[in-house]
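Worksheet: one structure, shown below.
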Amino acid sequence: MQWEVVIGLETHTQLTTQTKIFSGSPTQFGAEPNTQTSPVDLALPGSLPVMNRGAVERAIQFGLAIGATIAPHSVFARKNYFYPDLPKGYQISQMDLPIVQGGRVSFAMEVDGKTEIRSVQLTRAHLEEDAGKSLHEDYQGMTGIDLNRAGTPLLEIVTEPDMRSAAEAVAYAKALHTLVTWIGICDGNMQEGSFRCDANVSVRPVGQKEFGTRCEIKNLNSFRFMEDAINYEVRRQIELIEDGGRVVQATRLYDPDKKETREMRSKENAHDYRYFPDPDLPPLVVSAEWIARVQAAMPELPGAMRERFVRDYSLSEYDAAILTQSKAMANYFEAVTVITGKEQAKPTANWLMGDVASTLNREGIEIAAAPVAPAQLALLLQRIADGTISNKIAKEVFSAMWEAKSDNATLADEVIESKGLKQISDSGALEKIVDDVLAANAKSVEEYRAGKEQAINALMGQAMKASKGKANPAQLTELLKKKLTT
Amino acid sequence: MSLELSDVTRLSMLAQIDLTDEQSAQTLEKLNGIFALVEQLTAVDTTGVEPLNHPIAMLLPDLSLRLREDKVSEPNRRDEYQQVAPATQDGLYLVPQVIE
Amino acid sequence: MHTKTIKELSDLLQAKKISATELSKLFLDRIKASDLNAFLHVDETLTLQQAAAADQRIAAGDATILTGVPIAHKDIFVTRGWRSTAGSKMLENYVSPFDATVVENFNQAGMVTLGKLNCDEFAMGSSNENSYFGAVKNPWDKTAIPGGSSGGSAAAIAARLTPASTATDTGGSIRQPAALCGVTGIKPTYGRVSRFGMIAFASSLDQGGPIAKTAEDCGLLLNAMAGFDERDSTSIERAKEDFTRDLNVPLQGLKIGIPREYFGAGLSADVEQAVRAALAEYEKLGATLVDISLPKTELSIPTYYVIAPAEASSNLSRFDGVRYGFRAKDYTDLSDMYCKTRAQGFGDEVKRRILVGAYVLSHGYYDAYYLQAQKIRRLIAQDFQEAFKKCDVIMGPVAPTVAWDLGDKADDPIANYLADIFTLSTSLAGLPGMSIPCGFGQGEKNAKRPVGLQIIGNYFAEAKLLNVAHQYQQATDWHLRQPAE
């Protein structure tokens, strides 16, 4: 039987505010346990929540970035359950009236060699508070609770069940990651849990209308794990059904070591959360003026920039998608082309996706930290264009520039000069080389003169070798032919 | 409508409050008394009536949430806060082993 | 000295006829000698420190009208130094790392804290019998309840153990004990007094207010107590006002609404007589009585007993034995620790309300109960707005009877709930309400048990209420009566 996979994602993005969503406690990662807590975060008797403007502003930015509706009037509700990392015994979240409603995220995806533009519909994005952390190392047979994270603002971003494969889910998640870091509402640090995904996975026979029973895989904090976890879960569900069993709705955890998911035995399963509007917090009202102010300050978004790159620089969808995967890379690209001119856009893209990207990978650094500045790379590209050096030599020059770690604007010329890598176009010098080569290769000369045209290639090769690759190829060929035919 | 013992058990689980069988029975009787009173509500026609979650919205219909500037105002007072804690170690609150 | 009003004490202090230290010692001695169980925690050292500071302020000439005057706080307000128990075993030894805004305000005014006052556990009750630390006795008759939940606050004023006390009102917890103890109390408009540092019972209903001997004293206290607080998102941003500004405005032409529903069956004859007599007195003062109707009065009981427990069940979830407060001794795992801690830490009525609250919010019942109650709440509030088209203030009894005997309704929640009938709707609507002494019951038992007159105003009409109460207290002396010692 043919199965169709149905995936929806819920992503918890920690917002980049200085303070918590309902208190003035700092939100830095990695502080000593419970040193970033206040009476509100600890739910001390008599404490009350006061909403952080910065968190609302970031939710508005996100809503505008995905073309969603920003609710003029949204409501905070209490989600009631007992857990030691939840000090109040309820989480303040948004239920019936979330601040961000609808919207879509579109992204480029490789489908058998071709680049396709896909788009995923969002249901909603709502503001809520993060919980603390349980440390399970044994403390005299007990669990330790650190509430530094409790009350950190989260934007929970929920999609429709629009994705049909683990690969598509990962592509969406990566695009979302790009977007939230691009607009700066989330630092995107997955190791620190700033960007965590839950995947709702179900399968159904191809052609069936209604969805199968879904399982939710919690806390996928790397794209690799996400893909593995979803693929495992899909296999598990299909095998289960094909062996005559049925999927039971449940929350599951992914174990990266065992590469499998297992059911969670905790508060998450089948619970009555008794949501009701938080009486401590009047409705959140977002004025049209506020939305307009945020809109005016919005940067160009990756999708728009991708399209512009295709349009203005006549790059391929693929190139444009790669270059707009991070704002820094996109900005670097434009900084170079503004100097070299649009006709150099394609070579620039090739260099960024080629030598530059591979060097960054090798050194494990971001483009922002690259020792070669856009203007420096631009000069190198210009030297290729004006024939000062060949593309092959340019690679050598580039790595020398990278090592030099200099901010000299004319670094490329310096390297070419000092290493003497300039192409030889001086006819005198070339004539000498050609004469030596002809003298040393009488056999090839005769063959050529006997009409075996390709014999000239051997002579070219010899001459290039003699010039250490610096000879201007066009001039060299011309000179050879002249000498051979006289 | 009247509750059954199973409801009381479910509620005591939701509220995380132990009840002995005897207490459950007494509670059941008391709750049924209260809900006999509460039943009156269901008879009232409230079609088209908005709930009043914040009483003051009667006077100020455009009541809206006040927002705080995103500035740190809470210093680290962990030691003071943990003086009243039943069990701590290395700055952590201790609870019985949690298995996820 | 202990019988004097705040106004009188203030004058003596400013004139240096008595020092804050002498005054606080005097009241501390009376508290020590009292057997009413009104105080839960007294700390002489802390009190005398504050008194000394007050004396310095007076000497330095930067005293406010309240500087040096003693006050005691309901144990629902958290305080640095003094324990904050909310009348519960759950917080038996809890000391707060911060002061409630209300406490802070009075400290800044230079008032001297005498200690913390007994109350029903988490302010849930009408008799004070739900306090883990035992009921408070009614100073007028020690076999009677003082009312609740602010029983300690009212009893301490009646017994002249303090000239001023703070209290909180969620469904009548200021007005009813004030009435049953024959003292003056006001519950302001919801949002007037900060809830920051008030241990929450039902967040959309809780409102702090003062209890004292006279309306004038209540006005002076409210001036310091009320005001915008950015730490409470439901606190209302309004310019500070002087609540005593209209005290002496004559009542000529005042229209007093008399709700039919407040004088029907269930109202005991002796209470009705005392209240009618007070209304007659108001007519003498130039007021006219207008017949009005508050048709949903009876519905306010089920409405309140759905909304308040719902909010309470959630507000009290934080008491889980993890970060502070009581934790059960023996348990097998996490859930067992929660369940035993909360079973042993909470009293019966609190547990009952938590369970009721969990039920009305739970899946399948939310719409029928909680949502329906919030809708009826709006209808109740609309009834008041209709009524205020016909009158300036509304008057009636605070409670259907005088104080009942200790133990009488101790195990009968319904009976307690029904006794709240005249105070609940005001709380649901968020309106200001007052209770002032207007006489006593009848029959050899009830004759020594006070009756309170309830005065209800429209939103932010506290100054008007105090004016109306003050004029009555100028013409009568019920508020000056005090129990035999």
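Note on naming: letters A, B, ... go to the chains in the order of the sequence lines (proteins, then strands), and numbering restarts at 1 for each one. The model shown is predicted, which means the values in this text are computed figures rather than measured ones.
- At a 4.5 Å heavy-atom cutoff, Ser203(C) makes no contact with chain B through either its backbone or its side chain.
- Proximity to chain C (any heavy atom under 4.5 Å) is restricted, for Glu80(B), to the side chain, taken from C-beta onward.
- If you tally non-hydrogen atom pairs under 4.5 Å between each of Arg66(B), Gln26(B), Met13(B) and chain C, the highest count goes to Arg66(B).
- Looking only at heavy-atom pairs under 4.5 Å with chain C, the residue among Leu14(B), Leu60(B), Leu65(B), Ile56(B) that has the most is Ile56(B).
- Between Asp411(C) and Lys30(B) there is a salt bridge, with a side-chain nitrogen of the basic residue lying less than 4.0 Å from a carboxylate oxygen of the acidic one.
- Leu334(C) touches chain B through backbone and side chain together, each having a heavy atom under 4.5 Å away.
- Proximity of the aromatic rings of Phe98(C) and Phe196(C) is defined here by a centroid distance below 6.0 angstrom, and this criterion is met.
- Put simply, of Ala85(B), Ala57(B), Pro86(B), Ala87(B), the one with the most heavy-atom pairs under 4.5 Å next to chain C is Pro86(B).
- Looking at Ala429(C), the atoms closer than 4.5 Å to chain B (heavy atoms on both sides) all sit in the backbone: N, CA, C or O.
- For Thr189(C), the part lying under 4.5 angstrom from a heavy atom of chain B is the side chain only.
- For a residue to count as touching a neighbouring chain, one of its non-hydrogen atoms must lie under 4.5 Å from one of that chain's; by this rule Leu355(C) touches chain B with backbone and side chain alike.
- There is no contact between Leu431(C) and chain B, counting heavy-atom distances below 4.5 Å.
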*Run the side-chain contact (heavy atoms from CB on, under 4.5 Å) check on Gln16(B) and Asp320(C) step by step: do they pass?*
CA-CA 9 Å; Gln16(B) 295 281 287; Asp320(C) 58 4; over 6 Å; no
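- With a 4.5 Å cut-off on non-hydrogen atoms, Asp232(C) touches chain B through its backbone but not through its side chain.
- With a 4.5 angstrom heavy-atom cutoff, Leu94(B) touches chain C only via backbone atoms.
- No cation-pi contact links Lys351(C) to Phe346(C), judged by a cut-off of 6.0 Å to the six-membered ring centre and 45° from its axis.
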_If you apply the rule side-chain contact (heavy atoms from CB on, under 4.5 Å), what do you find for Asp18(B) with Gln344(C), and how did you get there?_
CA-CA 9 Å; Asp18(B) 261 355; Gln344(C) 297 164 25; over 6 Å; no
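- At a 4.5 Å heavy-atom cutoff, the contact between Ser335(C) and chain B is made by backbone and side-chain atoms alike.
- Among Thr88(B), Asn53(B), Val95(B), Leu31(B), the residue with the largest count of heavy-atom pairs under 4.5 Å with chain C is Asn53(B).
- Here the closest non-hydrogen pair linking Tyr331(C) and Asp336(C) is CA-OD2, 3.0 Å.
- Taking the six-membered ring for Trp and the full ring otherwise, Phe35(B) and Tyr365(C) have centroids separated by 6.0 Å or more.
- For the set Leu11(B), Leu41(B), Ile17(B), the count of heavy-atom pairs under 4.5 angstrom toward chain C peaks at Leu41(B).
- The residue among Gly430(C), Pro413(C), Gly357(C), Ser233(C) with the most heavy atom pairs within less than 4.5 Å of chain B is Ser233(C).
- At a 4.5 Å heavy-atom cutoff, Arg68(B) makes no contact with chain C through either its backbone or its side chain.
- Salt bridge status for Glu92(C) with Lys89(C): absent, with no side-chain N to carboxylate O gap under 4.0 Å.
- For Thr27(B), the part lying under 4.5 angstrom from a heavy atom of chain C is the side chain only.
- The aromatic rings of Tyr94(C) and Tyr324(C) lie tilted to each other, with the angle between the two planes from 30° to 60°.
- With a 4.5 angstrom heavy-atom cutoff, Gln382(C) touches chain B via backbone and side-chain atoms both.
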